[in-house]
Amino acid sequence: MLNAKNSSNFTKNSKILIVLTAILTLLYFLSFTKSCSSKDRREKVKTSLVNQKYSSSISSFELQDASGSLILRNKGSFWTVSSSNSTSTSTSTSTIPPTLPVSPERIQNLIQNLITIRNLYKISDNITQNSAFGLTNGTEFHLRYNTQDAFHELIFGNQDFSLSSRYMMTEKSTQVYEIDNSLDNFLTTSIQNWAEPFIISQVIFGRIKAEDIQRTQVQQLNQNHLGKISDIQKLLDLRHGGTPSYNNINETDAKSIPAENPQIIINLELGNKNEIQLQIYKSNIENEFIILADYFTQKDKKPVFTATSKISSWTYNKIKEITL
């Protein structure tokens with residue numbers, strides 16, 4: 001009798017479990033079906049932010065936000081970056097802002113992202129002042145690009161509540177779109193985020209190895225003898241800290257050279273007869289120095305490019321350590 005009763009209870013419990021499992025399974029599939037069948041009411045637009053036909057004809061980018069603005073210029077074989085924020089009171093038209101070569105990978109990734117086909121979702125047909133989109137309240141990011149025939153602007157605002165998308169619009173209309181955050185890495189006006197990091201460029205003359213430099217010559221302030229670099233690779237590995245600000249340089253000079261004489265002048269001759277000259281000056285800021293790097297080809301008497309950067313006293317001392 002006991003065994004029969006236990007068997008009956010087991011059979012009853014099994015049936016209940018089977019029914020519960022069936023109900024839960026049904027509810028799961030119903031919820032999944034409902035989720036899949038729900039429609040995104042936003043209007044989807046499949047497009048690129050920049051037409052691919054312009055990818056090789058972009059002459060410059062202008063980047064601007066509340067903290068400042070930059071200009072990226074296409075020089076043909078490489079790009080340059082400089083700040084367009086000038087605190088200059090000089091009226092000299094020859095003054096040019098401190099400029100550095102751009103990381104080629106960085107600019108290539110930017111252009112590739114801009115020409116990539118992606119989904120945009122239209123959020124609104126109109127933009128109102130001080131709206132939650134953050135497109136008109138002064139915190140927006142402006143990305144302008146210029147070609148030979150056209151000028152266009154992309155404006156990026158706040159992130160959405162999920163922090164996975166960002167609001168944007170163009171200069172052509174007041175329509176607001178939502179875009180994924182894949183471009184967020186490029187929405188910056190920090191020169192160090194764009195510039196090639198090395199004191200001696202690996203862009204202007206291409207990749208330079210220690211064995212490519214055939215001769216070095218070092219002249220230090222108040223010393224008559226000429227020295228040389230004892231460890232070329234260490235010099236090639238040193239990095240700058242971006243461009244100096246205008247109030248740390250002599251703005252009346254076309255090359256932005258500080259007024260005093262350089263602390264160190266370093267001449268480097270490459271095997272192909274190209275030359276690089278580094279002039280290192282004291283900055284008006286404590287523990288900071290300014291480097292002018294001139295790049296000469298064997299056929300040009302004037303530099304084909306001048307890079308102006310700042311370095312710390314730590315980097316300056318590293319340079320002095322390898323000078324004989």
Side-chain angles (χ1 to χ4, degrees), residues 58-88 90 95-111 113-114 139-146 153-154 156 183-205 236-251 253-258 276 278-295 303-316:
I58 297 175
S59 59
S60 66
F61 289 101
E62 297 176 48
L63 312 178
Q64 180 182 3
D65 61 12
S67 64
S69 57
L70 295 180
I71 298 181
L72 308 173
R73 289 188 174 89
N74 187 347
K75 295 294 186 180
S77 58
F78 61 95
W79 286 69
T80 64
V81 58
S82 59
S83 172
S84 57
N85 301 331
S86 175
T87 58
S88 174
S90 171
T95 300
I96 58 174
T99 306
L100 290 170
V102 168
S103 164
E105 294 81 11
R106 184 91 165 128
I107 197 71
Q108 289 165 10
N109 288 338
L110 170 63
I111 294 174
N113 267 273
L114 291 173
T139 62
E140 68 275 9
F141 190 96
H142 297 262
L143 189 157
R144 307 178 184 95
Y145 65 95
N146 298 277
E153 182 175 28
L154 303 171
F156 298 88
L183 276 166
D184 282 10
N185 184 42
F186 302 101
L187 305 184
T188 174
T189 56
S190 168
I191 281 185
Q192 285 177 270
N193 276 274
W194 292 100
E196 177 201 19
F198 300 107
I199 290 173
I200 297 176
S201 175
Q202 298 291 310
V203 173
I204 298 170
F205 286 157
L236 291 173
D237 290 339
L238 291 176
R239 301 184 175 216
H240 60 72
T243 57
S245 58
Y246 272 89
N247 58 1
N248 295 324
I249 53 183
N250 178 14
E251 299 172 60
D253 191 284
K255 292 170 60 178
S256 302
I257 299 176
I276 302 170
L278 306 179
Q279 299 177 65
I280 306 176
Y281 298 83
K282 281 184 177 179
S283 168
N284 293 332
I285 295 179
E286 188 177 1
N287 297 322
E288 184 178 286
F289 292 81
I290 296 171
I291 291 186
L292 291 180
D294 286 326
Y295 294 81
V304 294
F305 184 75
T306 298
T308 308
S309 61
K310 63 183 178 182
I311 59 172
S312 65
S313 57
W314 181 90
T315 304
Y316 176 76

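Any value given below was found using the heavy atoms of this structure, including those in side chains, with hydrogens, waters and symmetry copies removed.
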Between atom [atom1] of [X] and atom [atom2] of [Y], what is the distance when rounded to the nearest 0.5 Å?
X	Y	atom1	atom2	answer
Ile58	Leu110	CD1	CG	7.5 Å
Lys310	Leu100	NZ	CG	10.5 Å
Ile311	Arg239	CD1	CZ	14.5 Å
Ile200	Leu278	CD1	CG	5.0 Å
Leu154	Leu183	CG	CG	8.5 Å
Ile290	Thr308	CD1	OG1	8.5 Å

Point to revise | Flag if over 12 foreign heavy atoms under 6.0 Å of CZ, Arg73 | key: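 Count not over threshold, so no.
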Exercise for review: For the pair Phe198 and Leu236, evaluate side chain to side chain contact (heavy atoms under 4.5 Å, CB included) and give the outcome as yes or no after the intermediate values.
Suggested key: CA-CA 7 Å; Phe198 300 107; Leu236 291 173; over 6 Å; no
4.5 Å side-chain heavy-atom contact, [X] and [Y]:
X	Y	answer
Phe141	Asp184	no
Tyr145	Ile111	no
Phe289	Thr315	no
Phe61	Leu143	yes

Closest heavy-atom contact between [X] and [Y]?
X	Y	answer
Ser60	Trp79	CA-CZ3, 4.1 Å
Thr189	Leu63	CG2-O, 3.7 Å
Ile276	Phe205	CG1-CE1, 4.1 Å
Asn113	Phe186	ND2-CE1, 3.6 Å
Thr99	Thr243	N-CG2, 4.4 Å
Phe305	Thr80	CE1-CG2, 3.5 Å

Review point. For the side chain of Asp65 and the backbone of Leu187, is there at least one donor-acceptor N/O pair under 3.5 Å apart?
Key: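 Answer holds: no.
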Review point. Between His240 and Glu196, is there a donor-acceptor pair closer than 3.5 Å when you use the side chain of the first and the backbone of the second?
Key: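 Yes; judged by distance alone, with no hydrogens or angles, the pair exists.
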**Study point:** Option among Ser309, Pro244, Ser83 that satisfies the side chain to side chain contact (heavy atoms under 4.5 Å, CB included) test with Pro98
**Key:**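 Option passing the side chain to side chain contact (heavy atoms under 4.5 Å, CB included) with Pro98: Pro244.
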Kindly write out the residues that satisfy side-chain contact (heavy atoms from CB on, under 4.5 Å) with [X], not counting sequence neighbours, or none if the list is empty.
X	value
Thr188	Arg106, Ser190, Asn193, Trp194
Pro104	Gln108, Val203
Ser77	none

Check your understanding: Is it true that the side chains of Ser59 and Asn146 contain a donor and an acceptor less than 3.5 Å apart?
Key ->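 Absent: no donor and acceptor within the cut-off.
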**Study point:** With His142, the side chain to side chain donor-acceptor pair (under 3.5 Å) member among Glu62, Glu153, Gln64
**Key:**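 In the set Glu62, Glu153, Gln64, the residue that makes a side chain to side chain donor-acceptor pair (under 3.5 Å) with His142 is Glu153.
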